[in-house]
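Data block below; observations after.
As the structure is a prediction and not an experimental result, all values here were calculated from the model. Whatever order the structure lists ligands and atoms in, that order sets their numbers, starting from 1.
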Amino acid sequence: MSIADNIALVEEEIAAACRRAGRPRADVRLMAVSKTHPPEWIVEAFANGVRLFGENRVQEYAGKRVALAAAAGLFTGPEPAKIHCIGPLQSNKAVRAVQIFDVIDTVDSLRLAERLEQAAAEAGKCLPMSIEIKLSPEASKHGFIPDTAELNQLLERLPDLHHLDAQGFMMVPPFVDDIERVRPYFHQLLLLRDSIARRYPRLALNELSMGMSHDFPVAIEEGATLVRIGTAIFGARPSK
Ligand SMILES: *Cc1c(COP(=O)(O)O)cnc(C)c1O
């Protein structure tokens, strides 16, 4: 199967999930998660219509970016590629991250938000970002825990962070084979977004980035606006 074939299949599944959920296809954006894969594969996915990409390491992406910048039209055409940071980001890498990424989806502490604000101000840009939420107890998961003082502090602080454009929420549920058992996590993120929208009407936190290769149809049924697909597009990642 080629990257083009895989994208076509994923597109079909996204469209089918939207139909089941009674949602317009345009409600859901596709992100190809290209971490660990060579820049040529990003160019190939771009040629097949993908415009959003997810990378999880500052260092790795900084290297690929050089090759990508040389690829015709990727960042300069009418509809350029946007690269999201979807991995945990240390505060001390905020400056570099703001230079190379278009969007940071993994703001998981107030401290990181403040650092990104400062870095974006210095770079003279307004940085689109999402708040990562942790709904499962595993230590490997990052993010704000709902209804904590730190999350409330961030939400109260956001209107004053003028160089951050907060778009919504991102979440990684536990990995389980039976995707019906993941559905409640997706639903919980939807409810959290809606309750925060009622409490903070000045914020427009609409994005729900949730759903990966094995569970994205369920995530779409539960309201995902962005699905992050790696394996189903590029195949298995090299093991570490
Ligand atoms: C790697 C990764 C993905 C993609 O996972 P697949 O199962 O390969 O689709 C999505 N989101 C995050 C945060 C990731 O780190």
Less than 3.5 Å between some nitrogen or oxygen of T231 and one of ligand 1, yes or no? yes

Ligand 1 versus I229, non-hydrogen atoms closer than 4.0 Å: side chain, backbone, both, neither? backbone

Would you mind listing which atoms of ligand 1 come within a distance below 4.0 Å of any non-hydrogen atom of S213? 6 (P), 7 (O), 8 (O), 9 (O)

May I ask you to identify the nearest protein heavy atom to atom 11 (N) of ligand 1, giving residue, atom name and distance to one decimal place in Å? R228 NE, 2.8 Å

Between ligand 1 and R237, can you find any atom pair, the residue atom being a heavy atom, that is separated by under 4.0 Å? yes

Assess the side chains of N152 and R199: does a donor N or O sit below 3.5 Å from an acceptor N or O? yes

Measuring from the heavy atoms of M170, does anything fall under 4.0 Å of ligand 1? yes

Just say parallel, tilted or perpendicular for the rings of W41 and F234, cut-offs at 30° and 60°. parallel

Under 3.5 Å, is there a donor-acceptor pair between the S34 and E55 side chains? yes

Please write down residue, atom name and distance for the protein heavy atom closest to atom 2 (C) of ligand 1. K35 NZ, 2.6 Å

Ligand 1 versus T106, non-hydrogen atoms closer than 4.0 Å: side chain, backbone, both, neither? neither

Closer than 3.5 angstrom, by distance alone: can the side chain of R228 be matched with the main-chain N or O of A32 as a donor-acceptor pair? no

Give yes or no for whether the N/O distance cutoff of 3.5 Å, strictly under, is met between I86 and ligand 1. no

Do Q118 and E114 have side-chain heavy atoms sitting under 4.5 Å apart? no

Protein contact of atom 5 (O) of ligand 1 - nearest heavy atom, named by residue and atom, plus distance: M212 CE, 3.5 Å

Between Y200 and E156: side-chain donor-acceptor atoms closer than 3.5 Å: yes

Test: E207 and R29 ion pair at under 4.0 Å: yes

Does any N/O atom on N56 come nearer than 3.5 Å to any N/O atom on ligand 1? no

Indicate whether any N or O donor in one side chain lies under 3.5 Å from an N or O acceptor in the other, for T106 and E132. no

With a cut-off of 4.0 Å, which atoms of ligand 1 are near a heavy atom of V172? 13 (C)

